[in-house]
Novice: 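My structure is below; once you've seen it, I'll send some questions.
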Protein chains: 2
Amino acid sequence: MVGIEEVLRAASLRVTRPRVAVLSAVTSHPHADTETVIAAVREQYPTVSHQAVYDSLKLLTELGVVRKIQPHGHSARYEARVGDNHHHVVCRNCGMVADVDCSVGDSPCLCASDDHGFLIDEAEVIYWGLCPECQFSSQTP
Amino acid sequence: MVGIEEVLRAASLRVTRPRVAVLSAVTSHPHADTETVIAAVREQYPTVSHQAVYDSLKLLTELGVVRKIQPHGHSARYEARVGDNHHHVVCRNCGMVADVDCSVGDSPCLCASDDHGFLIDEAEVIYWGLCPECQFSSQTP
DNA sequence: TCGTTATCTTGACTCATTCAAAAAAAGCCG
DNA sequence: CGGCTTTTTTTGAATGAGTCAAGATAACGA
């Protein structure tokens with residue numbers, strides 16, 4: 001884990017309990033959704049407001065310390081694995097997320113064939129399917 | 001445009017005014033969000049309920065007649081271009097969407113290097129950036 | 001330690017989307 | 001063509017993730 005205090009201080013931001021607790025929660029619960037993050041944070045710091053968690057997550061995301069994943073139809077999820085080029089598989093049934101290193105290499109699909117004049121800064125890839133568990137159980141939502 | 005009546009009948013579904021109007025609206029307004037689709041449908045059929053439009057869109061999406069795009073932070077968008085392999089560029093600022101044919105070819109990134117036992121059926125790619133217009137105007141939301 | 005200012009708490013609010021019950025209309029059948 | 005059954009639509013309320021705003025609190029530089 002990166003030194004969060006340093007990251008925050010470097011950005012002239014205060015090192016506060018919610019922020020540290022949120023990063024710790026995201027680190028120990030990869031791909032947790034917001035609700036889960038709030039619950040995890042409250043284990044160490046029972047009185048945090050959901051707002052503080054939302055704020056911290058947003059902040060940490062902007063600082064690049066955590067990464068936000070938002071599969072459609074599911075609430076946002078967060079992970080502390082950043083800086084490498086990896087994507088996600090999402091289960092259509094239960095929303096479970098797993099990491100995937102793209103087969104193409106470092107920067108797959110980063111250059112679109114025709115960018116329509118857009119200034120592209122990120123390519124997001126999500127694989128959709130069924131997780132092992134949901135393949136066996138009869139896929140009822 | 002595909003014969004929507006045939007598609008619906010083939011699926012044992014009724015050919016109704018909302019459904020036909022929704023497909024027509026999506027066809028003539030590529031990448032329109034739900035609100036825009038509702039407005040467009042109401043130009044031909046002023047009394048449709050939003051619910052009927054939602055239902056029709058969901059149905060047409062399931063039938064594969066239209067495709068749903070859900071960029072995070074923006075409401076769902078729909079397009080009638082289906083069956084080919086294309087992706088989207090989304091403007092972070094205004095939410096505008098444009099089509100992109102992937103540079104890699106027909107099926108980019110379809111096989112993840114390690115699928116974790118998932119049964120993958122779709123790879124979704126979204127390029128994020130700024131549309132030409134928002135690059136010039138000072139990107140204020 | 002003190003004061004300034006960023007951050008957190010609280011609680012209300014938004015807005016796309018969904019739910020549910022009753023009304024309407026597709027289309028099968030005679 | 002007109003009635004009947006079933007699917008769709010209407011209507012209106014509800015949900016839920018996420019945001020907003022004002023006052024209270026706590027970081028941290030001096």
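Per chain, numbering begins at 1; letters A, B, ... match sequence-line order.
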Novice: I'd like to check B/T27 versus B/E79 (side-chain heavy atoms, cut-off strictly below 4.5 Å). Are they in contact?
Specialist: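 When only atoms from C-beta onward are counted, B/E79 and B/T27 do not touch, as no gap falls below 4.5 Å.
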Novice: Which two nucleotides bound the region of DNA chain D that has atoms under 4.0 Å from heavy atoms of chain A, read 5' to 3'?
Specialist: D/dA17 to D/dC28
Novice: Reading DNA chain C from 5' onward, which residue's closest nucleotide shows up sooner: B/L13 or B/A76?
Specialist: B/A76
Novice: With rounding to the nearest 0.5 Å, note down the distance linking CZ in A/R14 to CG in A/L8.
Specialist: 12.0 Å
Novice: Within residues 41-49 of chain B, find the residues that approach DNA chain D with a heavy atom at under 4.0 Å, and present them sorted by residue number.
Specialist: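 Residues of residues 41-49 of chain B that come under 4.0 Å of DNA chain D are, in numerical order, B/Y45, B/T47, B/V48, B/S49.
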Novice: Between the axis at one end of the helix from C/dT1-D/dA30 to C/dG30-D/dC1 and the axis at the other (five pairs apiece), what's the angle to 10 degrees?
Specialist: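 So the angle between the two local helix axes works out to 30°.
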Novice: Going by atom type alone, with no hydrogens or angles, which donor-acceptor pairs under 3.5 Å involve a side-chain atom of residues 53-63 of chain B and a protein atom two or more places apart or on another chain?
Specialist:
residue, atom, partner, partner atom, Å
B/D55, OD1, B/Q51, NE2, 3.2
B/S56, OG, B/A52, O, 2.8
B/T61, OG1, B/L57, O, 2.6

Novice: First and last nucleotide of DNA chain C in contact with chain B, 5' to 3', at under 4.0 Å to a heavy atom: what are they?
Specialist: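 Both ends considered, the range comes out as C/dA16 to C/dG27.
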Novice: Give, for atom SG of A/C94 and atom CD of A/E133, the distance between the pair rounded to the nearest 0.5 Å.
Specialist: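 Here the interatomic distance stands at 7.0 Å.
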Novice: Can you tell me if B/H74 and B/D33 form a side-chain donor-acceptor pair at under 3.5 Å?
Specialist: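 No, B/D33 and B/H74 have no side-chain donor paired with an acceptor closer than 3.5 Å.
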Novice: Considering every strand and a 4.0 Å limit on heavy-atom distances, what is the contact class for B/R19: base, sugar-phosphate, or nothing?
Specialist: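 Since only primed, P, OP1 and OP2 atoms lie under 4.0 Å of B/R19, the category is sugar-phosphate.
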Novice: Restricting to side-chain contact (heavy atoms from CB on, under 4.5 Å), what partner residues turn up for A/Q70, sequence neighbours left out?
Specialist: A/K68, A/A76, B/H72
Novice: Indicate yes or no: at least one non-hydrogen side-chain atom of A/V26 is less than 4.5 angstrom from one of A/V37.
Specialist: yes
Novice: Taking the side chain as every heavy atom from C-beta outward, state whether B/H88 and B/D99 have any atom pair closer than 4.5 Å.
Specialist: yes
Novice: Flag the pair B/T47 / B/R42 as yes when at least one side-chain heavy-atom distance between them is below 4.5 Å, and no otherwise.
Specialist: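 Not touching, per the 4.5 Å side-chain cut-off.
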Novice: Find which nucleotide of DNA chain C each of A/T16 and B/S75 is nearest to by heavy atoms, and output the residue with the more 5' nucleotide.
Specialist: A/T16
Novice: CH2 of A/W128 to CD1 of B/I120: how many Å apart, nearest 0.5 Å?
Specialist: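 Reported to 0.5 Å precision, the distance equals 12.0 Å.
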Novice: Would you compute the distance between atom CE of A/M96 and atom SG of A/C134 and round it to the nearest 0.5 angstrom?
Specialist: 9.0 Å
Novice: Under a 3.5 Å threshold, yes or no: a donor from one side chain and an acceptor from the other, between A/E124 and B/H87?
Specialist: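 The answer is no; no qualifying pair exists.
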Novice: Evaluate the side-chain proximity of A/H50 to A/E35: yes if any heavy-atom separation is below 4.5 Å, no if none is.
Specialist: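 Not in contact.
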